[in-house]
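What follows is a single structure, and I will ask about it in a moment.
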There are 2 protein chains.
Amino acid sequence: MTYEGRVLAALADPTRRAIIEKLATGGRSVADIARSLPVSQPAISQHLKVLKEAGLVNDVPLGTRRIYAIDPDGLGPLRQWLDRFWGDQLAAFKAIADRDETS
Amino acid sequence: MTYEGRVLAALADPTRRAIIEKLATGGRSVADIARSLPVSQPAISQHLKVLKEAGLVNDVPLGTRRIYAIDPDGLGPLRQWLDRFWGDQLAAFKAIADRDETS
DNA sequence: GCTTATAATAAGGCATGACTTATGAAGGCA
DNA sequence: TGCCTTCATAAGTCATGCCTTATTATAAGC
């Protein structure tokens, strides 16, 4: 499976997107995530495994717990793939120009 | 279902990504796409329906045929959703830097 | 050492979705 | 009108994936 395929498949599931939204405010433990969503702890672990294999999250052990957080570099390959068909050169330059303009 | 959910689900399928890649070089008829991929014509029609409902492609009738093409605006909502968690300022700068680096 | 808490894995059930063949609808052309 | 081409839809099959409960491994605290 291609890298962008893994990323897209990972983000296609609504529960995994909910996990990403929880992690947007900072790293959280598995049990913490499980408490805030209507699925069991094993289900969360399975989703986190998929997200990790897609490169979207990383994790560090903390005692008996494990803190998962969003990987800032995880989205690069997906962006590159998307840009092949929709293009972002224009958008990227425009973002720079706008910022320079207002500074 | 949310808009980004539809877009991500549409792009998660490898056959639909293959269709997008075919359309990258310009609009094509259903039969034309079907001939270039190892699935039947009805399967292609079903995939095109999903891509259209996600806003990723549009179509115009041409006689008895129907020409499908990539919708340039189809990716906007997905980008906005992604940027909420990964940020696009960084990505924009990085895109510029990478291009300058390889030129 | 023993218990408790946390997380990963195993195994199985069930819904979803991607494909097939068969059929129908609509336009172009003799 | 009749025929052919193109595409969409219907119906059914089969694989994939998301969920559950049960179990195991590891670390912390008494």
Side-chain angles (χ1 to χ4, degrees), chain A residues 1-23 26-71 78, chain B residues 1-23 26-71 78:
Chain A
M1 198 186 208
T2 63
Y3 202 103
E4 69 271 7
R6 253 190 301 273
V7 175
L8 285 165
L11 291 177
D13 181 79
T15 299
R16 283 194 287 268
R17 287 199 301 277
I19 292 175
I20 290 291
E21 303 200 7
K22 298 293 179 188
L23 295 182
R28 301 179 70 174
S29 71
V30 178
D32 190 12
I33 299 170
R35 269 189 295 271
S36 66
L37 291 176
V39 292
S40 65
Q41 172 266 314
I44 299 294
S45 282
Q46 292 161 13
H47 283 308
L48 286 170
K49 184 179 183 181
V50 174
L51 289 170
K52 184 177 180 180
E53 286 174 353
L56 294 174
V57 303
N58 50 37
D59 61 316
V60 285
L62 180 63
T64 132
R65 294 182 300 172
R66 191 163 273 270
I67 306 301
Y68 282 83
I70 291 183
D71 188 329
L78 175 59
Chain B
M1 197 186 208
T2 64
Y3 202 102
E4 70 269 8
R6 254 192 299 275
V7 175
L8 285 165
L11 291 177
D13 182 80
T15 300
R16 283 196 286 269
R17 287 200 300 277
I19 292 176
I20 290 291
E21 302 199 8
K22 298 293 179 187
L23 295 182
R28 301 179 71 172
S29 72
V30 177
D32 189 10
I33 299 171
R35 269 190 297 271
S36 66
L37 291 177
V39 291
S40 64
Q41 171 266 314
I44 300 294
S45 282
Q46 292 161 12
H47 283 308
L48 286 170
K49 183 177 182 180
V50 174
L51 289 170
K52 184 177 178 181
E53 287 174 352
L56 295 173
V57 303
N58 49 38
D59 61 315
V60 285
L62 180 64
T64 132
R65 293 183 299 172
R66 191 163 272 270
I67 306 301
Y68 282 84
I70 289 182
D71 188 329
L78 177 57

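Chain naming here is simple, since letters A, B, ... match the order of the sequence lines and numbering starts at 1 in each. All values derive from a computational prediction rather than experimental measurement.
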Exercise. Of all heavy-atom pairs between B/Leu23 and B/Tyr68, which one has the smallest distance, and what is that distance?
Worked result: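 Answer, listing the atom of B/Leu23 first, then B/Tyr68: CD2-O, 3.4 Å.
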
Exercise. With a 4.5 Å limit on heavy-atom distance, are the side chains of A/Asp32 and A/Arg65 in contact?
Worked result: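 Sidechains of A/Arg65 and A/Asp32: no contact.
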
For this session: On DNA chain D, check which nucleotide each of B/Ile67 and A/Val50 is closest to and give me the residue with the more 5' one.
Result: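 Upstream on the strand: B/Ile67.
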
Problem set entry | B/Ile44 CD1 - D/dT9 P separation (whole Å) |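 Going from CD1 in B/Ile44 over to P in D/dT9 covers 15 Å.
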
Exercise. Nearest 0.5 Å, what's the CZ-CZ distance between B/Arg35 and B/Arg28?
Worked result: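 Between atom CZ of B/Arg35 and atom CZ of B/Arg28 there are 8.5 Å.
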
For this session: Taking side chain to side chain contact (heavy atoms under 4.5 Å, CB included) as the test, write out the residues that go with A/Arg16, two or more places apart.
Result: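 Checked A/Arg16 against side chain to side chain contact (heavy atoms under 4.5 Å, CB included); matches are A/Ala10, A/Asp13, A/His47, A/Val50, A/Leu51.
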
Exercise. When the distance from NZ of A/Lys49 to P of C/dA10 is rounded to whole Å, what number comes out?
Worked result: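 That distance rounds to 7 Å.
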
Problem set entry | Nearest-Å distance for atom pair CG/C1', residues B/Leu37 and C/dA18 |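 Whole-Å distance recorded here is 14 Å.
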
Exercise. How would nucleotides 19-30 of chain D be written as a contact map, 5' to 3', with B for base contact, S for sugar-phosphate-only contact and - for no contact, using protein heavy atoms under 4.0 Å?
Worked result: BBBB----SS--

Problem set entry | Residue list, side chain to side chain contact (heavy atoms under 4.5 Å, CB included) with B/Ala69, at least two apart or on another chain |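 In terms of side chain to side chain contact (heavy atoms under 4.5 Å, CB included), with neighbours along the sequence ignored, B/Ala69 is linked to B/Asn58.
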
Exercise. Rounded to the Å, how far apart are A/Ile19 CD1 and C/dA7 C1'?
Worked result: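 Roughly 14 Å, once rounded to whole Å.
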
Exercise. Within this structure, what is the CG-to-C1' distance between B/Leu11 and C/dA18, rounded to whole angstrom?
Worked result: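 That distance rounds to 16 Å.
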
Problem set entry | Protein-nucleotide distance (A/Arg66, atom CZ; C/dA8, atom P), rounded to Å |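 Value for this atom pair: 6 Å.
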
Problem set entry | Distance, rounded to the nearest Å, where A/Asp59 contributes CG and C/dT6 contributes C1' |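 Atom-to-atom, A/Asp59 to C/dT6, this comes out as 14 Å.
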
For this session: Could you grab the distance from atom CG of A/Leu48 to atom CD1 of A/Ile19, nearest 0.5 Å is fine?
Result: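 CD1 of A/Ile19 is found 5.0 Å from CG of A/Leu48.
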
Exercise. Could you give the CG-to-C1' distance, from A/Leu8 to D/dT16, as a whole number of Å?
Worked result: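 To the nearest whole Å, that distance equals 17 Å.
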
Exercise. When you check the phosphate oxygens OP1 and OP2 of C/dA26, does a side-chain N or O of B/Arg65 lie under 4.0 Å from one of them?
Worked result: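 For C/dA26, neither OP1 nor OP2 has a side-chain N or O of B/Arg65 closer than 4.0 Å.
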
Exercise. Does any non-hydrogen side-chain atom of B/Ser45 lie less than 4.5 Å from one of B/Gln41?
Worked result: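 They are in side-chain contact.
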
Exercise. Taking only side-chain nitrogens and oxygens of B/Tyr68, does any of them come within less than 4.0 Å of OP1 or OP2 of D/dA8?
Worked result: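 It does, given that an N or O in the side chain of B/Tyr68 lies less than 4.0 Å from OP1 or OP2 of D/dA8.
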
